[in-house]
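Below, chain A is the first sequence line, B the second, and so on; all start at residue 1. The structure presented is a predicted model; accordingly, all values stated were derived computationally and were not measured.
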There are 2 protein chains.
Amino acid sequence: MRLSKTSEYAIRVLSFMATSPERQVFSVMFIHQELEIPYKYLTKIMRMLSQAGMVAATQGREGGFSFAKPLASIKLTEIVAAVEKNADESPCILGFRYCNDQKPCALHPFWLKPKSAIDEMMLGVTLADLDAKSIRKV
Amino acid sequence: MRLSKTSEYAIRVLSFMATSPERQVFSVMFIHQELEIPYKYLTKIMRMLSQAGMVAATQGREGGFSFAKPLASIKLTEIVAAVEKNADESPCILGFRYCNDQKPCALHPFWLKPKSAIDEMMLGVTLADLDAKSIRKV
DNA sequence: TTTAAATGCTACCTATCGGTGGTATTTTAA
DNA sequence: TTAAAATACCACCGATAGGTAGCATTTAAA
């Protein structure tokens, strides 16, 4: 009942960048040192976020990554989708492909409330909603 | 943001058994045929549930598994814990070991509601709460 | 008494996730 | 002009989750 490690990393990075307005460009090495995320793996994640259009890379010395679109337009669900394939294709908690009110799984009625609370967060929260103060980095 | 396949299987099996009061003993072969869960993997799961004390095995021909304690005493959280190690040790959605109101992660305030709705389900729902009618098996 | 049908157990296989190594390319400071 | 510092990319490695094979043991029906 949790996100993949890769999604955790991606959200940590983007929320760190989003709450550091004094800086425009972030190199992988800098992020790696600040957030203690494995350097090589982090380059891979940044490339995925770049290919998804959330951040843009400037190459060469003094290069790095910066946001490619407004913070308010980047939802959590989008971040997860960018780095995770199979970002739950099935909305059923027991993994059934076709589970609905007419033909529900055993947990269907109990899953409705948690599911909607999660959706509300994943679809509703954007990088612009994060509080810059007192955010844990490591 | 979902359960492991193994947890899905375990809950499917136990909810199937719990909502089939006309039958006392369930062989792995029978469950396998009814729920279309891989036979050999299912034997492994049933052994785990047996070792966790939720079900008891009767060996030999005509043997199988039956509940070892009252349905109302088997919570979802217990089922997941029985088949999954690392059944989220960290309550933080970004995986931080020490995340709390004083030193929160970026998503801390947004995760409170989904988290409590999930806990309510995992800790509150037991096998006795399931509706026998119209439950999807496959 | 034999044999079929069940669980118990261990070892292995395969795919995916998390993580590393190495090299090419780009850009700019020295 | 050169070298350092950055991203781009590809191939691989190790751990874990999901799944399989095979055989020993137990029990009861034939």
Side-chain angles (χ1 to χ4, degrees), chain A residues 1-13 17 23-52 54-66 68 80 82-89 94-95, chain B residues 1-13 17 23-66 68 80-89 94-95:
Chain A
M1 209 69 261
R2 52 185 297 186
L3 296 171
S4 72
K5 198 107 199 174
T6 310
S7 292
E8 285 179 12
Y9 286 160
I11 295 174
R12 287 189 199 182
V13 169
M17 289 172 61
R23 182 179 286 263
Q24 303 306 317
V25 176
F26 300 76
S27 74
V28 173
M29 184 53 76
F30 176 69
I31 301 172
H32 156 67
Q33 284 162 350
E34 289 292 307
L35 305 190
E36 300 180 4
I37 297 172
Y39 175 75
K40 277 293 196 174
Y41 197 54
L42 185 52
T43 68
K44 195 179 274 187
I45 293 171
M46 294 312 290
R47 219 175 312 129
M48 288 191 277
L49 295 176
S50 170
Q51 283 160 357
M54 262 165 279
V55 297
T58 56
Q59 281 196 320
R61 185 166 174 158
E62 303 288 288
F65 293 88
S66 45
V80 172
V83 298
E84 230 173 289
K85 59 190 166 204
N86 315 333
D88 52 5
E89 56 222 19
L94 292 187
Chain B
M1 209 68 262
R2 52 186 298 186
L3 296 170
S4 71
K5 199 106 198 173
T6 310
S7 291
E8 285 180 11
Y9 286 160
I11 296 174
R12 287 190 199 183
V13 168
M17 289 172 61
R23 181 180 287 265
Q24 303 306 317
V25 176
F26 300 76
S27 74
V28 173
M29 183 54 74
F30 176 69
I31 301 173
H32 157 66
Q33 285 162 350
E34 289 292 307
L35 304 191
E36 300 179 5
I37 297 171
Y39 176 75
K40 278 294 196 175
Y41 197 53
L42 185 53
T43 66
K44 196 178 272 186
I45 292 172
M46 294 312 291
R47 218 176 313 127
M48 288 191 276
L49 295 175
S50 170
Q51 283 160 358
M54 263 165 279
V55 297
T58 56
Q59 280 195 320
R61 186 164 176 162
E62 303 289 289
F65 293 88
S66 45
V80 172
V83 297
E84 230 173 289
K85 57 189 166 207
N86 315 333
D88 51 6
E89 58 222 17
L94 293 187

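- If you check every strand for non-hydrogen atoms under 4.0 Å, B:Glu84 touches nothing.
- Here B:Tyr9 reaches the OP1 or OP2 of D:dG19: one of its side-chain N or O atoms lies under 4.0 Å away.
- Cation-pi geometry between B:Arg23 and B:Phe30 is satisfied (NZ or CZ under 6.0 Å from the ring centre, within 45° of the ring normal).
- The NE2 atom of B:His32 sits 8.5 Å away from the CG atom of B:Leu42 when rounded to the nearest 0.5 Å.
- Contacts of B:Phe30 with the nucleic acid, taken as non-hydrogen atoms under 4.0 Å apart, are absent.
- Mapping B:Met46 and A:Leu42 onto DNA chain C via the closest heavy atom, the residue that lands nearer the 5' end is B:Met46.
- Expressed to the nearest 0.5 Å, how far OG1 of B:Thr43 lies from CD1 of B:Ile37 amounts to 11.5 Å.
- The side chain of B:Ser4 has D:dG18 as its nearest neighbour among C:dT28, D:dG18, C:dA6.
- With D:dA5, C:dG8, D:dC9 as the choices, the nucleotide that has an atom nearest any side-chain atom of A:Arg47 turns out to be D:dC9.
- Set against D:dT27, C:dT27, D:dG19, the side chain of A:Gln59 has C:dT27 as its closest nucleotide.
- You'll find that the side chain of A:Thr6 is closest to C:dG18, out of C:dT27, D:dA6, C:dG18.
- For D:dG19, the base has no donor-acceptor partner in the side chain of B:Lys5 [N/O atoms by modelled type, under 3.5 angstrom].
- Proximity note for A:Arg61 (side chain, C-beta onward) versus C:dA29, D:dG19, C:dT7: the nearest is C:dA29.
- Residue A:Lys44 places a side-chain atom within donor-acceptor reach of the base of C:dG19, judged by atom type and a 3.5 Å distance cut-off alone.
- Looking at heavy-atom distances under 4.0 Å, A:Glu8 makes no contact with the nucleic acid at all.
- Between the CZ atom of A:Arg2 and the C1' atom of D:dT16 there is a distance of 14 Å, rounded to whole Å.
- Shortest non-hydrogen contact noted between A:Met1 and B:Leu3 is SD-CD2, 4.1 Å.
- In terms of position on DNA chain D, the residue among A:Glu62 and A:Lys40 whose nearest nucleotide sits closer to the 5' end is A:Glu62.
- With hydrogens and angles ignored, the 3.5 Å screen pairs no side-chain donor or acceptor of B:Arg2 with any backbone N or O of A:Gly95.
- Taking only side-chain nitrogens and oxygens, A:Gln51 comes nearer than 4.0 Å to OP1 or OP2 of D:dC9.
- Within the nucleic acid shown, A:Gly60 comes within 4.0 Å of at least one base atom, counting heavy atoms only.
- Projected onto DNA chain C by closest heavy-atom contact, A:Thr58 and A:Tyr39 fall at different nucleotides, the more 5' of which corresponds to A:Tyr39.
- Within 4.0 Å (heavy atoms only), B:Ser50 reaches no atom of the nucleic acid at all.
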